[in-house]
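In what follows, a structure is listed as structure tokens, so that the remarks can point back to it.
This one's a predicted model, so the numbers in the text were calculated from it and none came from an experiment.
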Amino acid sequence: MITRFWWVRHGPTHSQVINGWSDVPADLSNTDAIARLNRFLPKKALLVSSDLQRARMTADTLAGKRTRMPDDRDMREGSQGSWEGKSSDEIARTDPELSREVWQSPGDVAAPGGESWNTVCARVTLAVARLNVPEQCDVVAVAHHGPILAALQIASGISAKATLAFVIKPLSVTRLEYLHDARVWRIGFVNHIA
């Protein structure tokens with residue numbers, strides 16, 4: 001048995017600042033891109049999303065006949081604490097040492113009042129474990145840049161720093177497959193645009 005996770009990054013926000021847990025909406029006006037994405041994803045699948053508005057909105061546009069599960073808080077983007085609402089440049093100017101450490105040595109270090117990379121990975125691990133059952137073949141999970149990268153790190157076993165080098169674009173799909181009999185992960189593709 002194989003469970004295929006179709007990780008979809010939410011639609012673009014056009015925000016120029018760090019959002020994290022800030023509940024900004026997605027721009028879903030590119031109906032052609034959404035239609036292509038919808039055709040690409042499996043029709044018979046569980047559909048779950050982060051509880052943040054930008055992911056929920058995207059999941060709702062993809063629902064169709066898929067079985068919509070309750071929103072999952074564990075699929076939220078990582079909280080950036082007091083850095084939310086600030087640009088990367090502003091954070092680098094006002095908190096250069098800590099920001100460099102957070103991005104270049106991901107692990108237990110976090111923005112003031114925010115979550116560390118390891119904390120995000122731990123909660124994404126819980127979300128994946130709840131959905132990763134042999135009876136379920138396809139799971140479409142609409143989430144954010146960080147949780148999708150966390151799932152990729154979980155599946156691949158590569159370092160956090162190597163994982164953060166991947167790009168996950170809005171409305172892209174990353175497919176990770178769990179082979180239950182062998183108890184191993186397989187990477188289908190990363191950052192695919194339908």
For R100, salt bridge (Lys or Arg N to Asp or Glu O under 4.0 Å) partners two or more places apart
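Salt bridge (Lys or Arg N to Asp or Glu O under 4.0 Å) check on R100 returns nothing, list empty.
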Only counting residues at least two apart or in another chain, list the ones meeting salt bridge (Lys or Arg N to Asp or Glu O under 4.0 Å) with E115.
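Listed in chain order: R123.
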Within-4.5 Å side-chain heavy-atom neighbours: [X] and [Y]:
X	Y	result
V190	L152	yes
I193	K169	yes
D71	V48	no
F40	V8	no

I'd like to check the side chain to side chain donor-acceptor pair (under 3.5 Å) partners of [X]; sequence neighbours left out, ordered by chain and number.
X	answer
S50	H144
D138	R4, W6
E177	R175, R186
T119	S116

Nearest-0.5 Å distance, OG1 of residue T3 to OH of residue Y178
9.0 Å
Let me confirm one number: the CG-CE distance from L46 to M69, rounded to the nearest 0.5 Å.
5.5 Å
With a cut-off of under 6.0 Å to the ring centre and 45° to the axis, is R54 in cation-pi contact with W21?
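Output no; distance or angle outside limits.
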S172 side chain to I168 backbone, donor-acceptor under 3.5 Å
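Not a single qualifying donor-acceptor pair exists.
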Got a donor-acceptor contact below 3.5 angstrom from the Q80 side chain to the G20 backbone?
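No, because the side chain of Q80 does not come within donor-acceptor range (under 3.5 Å) of the backbone of G20.
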For T58 against A26, the heavy-atom pair lying closest together:
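What the structure gives for the nearest pair is OG1-CB, 4.0 Å.
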Distance alone, cut at 3.5 Å: any donor-acceptor contact between the side chains of [X] and [Y]?
X	Y	answer
T174	H192	no
R66	N38	yes
S87	D89	no

Check whether I187 and I154 end up in the same hydrophobic cluster, where Ile, Leu, Val, Met, Phe, Trp and Tyr are linked by side-chain heavy atoms less than 4.5 Å apart.
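Yes, it is one cluster - the side chains of I187 and I154 are joined through contacts under 4.5 Å.
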Test of ring centre spacing under 6.0 Å for F189 and W7
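No, the ring of F189 stays outside the 6.0 Å limit from the ring of W7, centre to centre.
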Go through the steps to decide whether N19 and S15 satisfy the test side-chain hydrogen bond (donor to acceptor under 3.5 Å, both in side chains), and finish with yes or no.
CA-CA 8 Å; N19 289 316; S15 175; 3.3 Å; yes
